[in-house]
Amino acid sequence: MVEWTDFERATIMDIFSKIDYDVVGPRALSRCLVVYPWTQRYFGNFGNLYNAAAIIANPLVAKHGTTILHGMDRAMKNMDNIKETYAELSVLHSEKLHVDPDNFKLLSDCLTIVVAAQWGKEFTGEVQAAFQKFLAVVVSSLGRQYH
Amino acid sequence: MSLTDKDKATVKALWAKIQKSADAIGADALYRLFTVYPQSKIYFSHWSDLGPNSSSVKAHGKKVMGGVALAVSKIDDLTRGLLELSEQHAFQLRVDPANFKLLSHCILVVIATMYPQDLSPEVHVCLDKFLANLALALSERYR
């Protein structure tokens, strides 16, 4: 089981309470698709992904970015149980979506940078460490059911 | 994933903007490396203070960013431009190259906190590629 310090719990809740899922989610996903273009392979039916401007303006990308953030919200609300909370999602990503689990880390790095850009100096090293620990658990749980 | 002319131009333009804060970026990035990836501290077991105000961390951050500045100036041939630094990292420091990726990420995070408007996705990809190529050049002499 993952051990969380009081600071880590408080920090994760604080981050999620302050970010706008409809803004951060789309920004993180579109950034991932631009910075790591091979991740576009999973979004073949999303329409125009021809360049950065198209990706950033794409409504399906935005919608999916928001969906992802709401998924993380579930993890945030079940911090002592993320592995079990994500079991079904993990099966989905493995069996149906066939997403290479290395890609989860790429998205989580982009999410970190989006939140860092929003928070500025308040995104201290300690806050970053807590957030990245949370994301690492999320990423690990998502990859758990792959076989 | 080598650097296109557009990548190089983008990196140079960003560097021109941020280089006045290079020392602060370096210190903050190093401090974040130690905080987010504690295993990286093993290379600095000889320092008593690894906190954000440590003079050792600040001085070393400045040195690291000096290396980044050198890389920007040698962006057309990073392997040759960073040869000496690569030999130093390979034979003396023997830093596991996996750490270069971790520090690159921390540098990106610091730039995001300090210059959020300047790190658009389009600029981010160019800078990420540059840092990856820098890391590759730094690993050149390892084996």
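A, B, ... follow the sequence lines: proteins, then strands. Residue 1 opens every chain.
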| query | Can you tell me if CG on A:Asn51 sees more than 12 non-hydrogen neighbours from other groups inside 6.0 Å? | reply | yes

| message | Tell me if the NZ atom of B:Lys129 is crowded by more than 12 foreign heavy atoms within 6.0 Å. | response | yes

| Counting only heavy atoms not in B:Asp77, do more than 12 fall under 6.0 Å of its CG? | yes

| message | Can you confirm whether A:Tyr50 is buried at OH, in the sense that more than 12 heavy atoms of other residues, nucleotides or ligands lie under 6.0 Å from that atom? | response | no

| said: So which residue, B:Pro121, B:Cys126, B:Pro116, ends up with the most heavy-atom pairs under 4.5 Å with chain A? | reply: B:Pro121

| query | Would you say A:Ile56 and B:Leu119 are hydrophobically clustered, going by side-chain heavy atoms of ILVMFWY under 4.5 Å? | reply | no

| Is it the case that more than 12 heavy atoms not belonging to A:Lys133 sit under 6.0 Å from its NZ atom? | yes

| said: For a quick test of reading the model, state the closest non-hydrogen atom pair linking A:Thr112 to B:Val109 and the distance between them. | reply: CG2-CG2, 4.1 Å

| Can you tell if the side chain of B:His124 reaches within under 4.5 Å of the side chain of A:Val34, non-hydrogen atoms only? | no

| If you measure from CD1 on A:Ile113 to CG on B:Asp128, what distance do you get to the nearest 0.5 Å? | 7.5 Å

| Highest number of heavy-atom pairs under 4.5 Å with chain A: which of B:Pro38, B:Ser120, B:Ala112? | B:Ala112

| message | Need one label for A:Tyr36: side chain, backbone, both or neither, based on atoms under 4.5 Å from any heavy atom in chain B. | response | side chain

| query | If you draw a 6.0 Å radius around NE2 in A:His147, do more than 12 non-hydrogen atoms from other residues or ligands fall strictly inside? | reply | no

| said: Taking side chain as everything from C-beta outward and backbone as N, CA, C, O, which of these in A:Glu126 sits under 4.5 Å from a heavy atom of chain B? Side chain, backbone, both or neither. | reply: both

| In terms of heavy-atom proximity below 4.5 Å to chain B, should A:Ile55 be classed as side chain, backbone, both, or neither? | neither

| Hydrophobic cluster membership, B:Leu134 vs B:Met1, 4.5 Å side-chain cutoff | yes

| query | Does some side-chain heavy atom of A:Gln132 sit less than 4.5 Å from a side-chain heavy atom of B:Arg32? | reply | no

| request: Could you check if a side-chain atom of B:Thr113 sits within less than 4.5 angstrom of a side-chain atom of A:Gln128, using non-hydrogen atoms only? | output: no

| request: Pick one of side chain, backbone, both or neither for B:Tyr37, based on which atoms fall under 4.5 Å of a heavy atom in chain A. | output: side chain

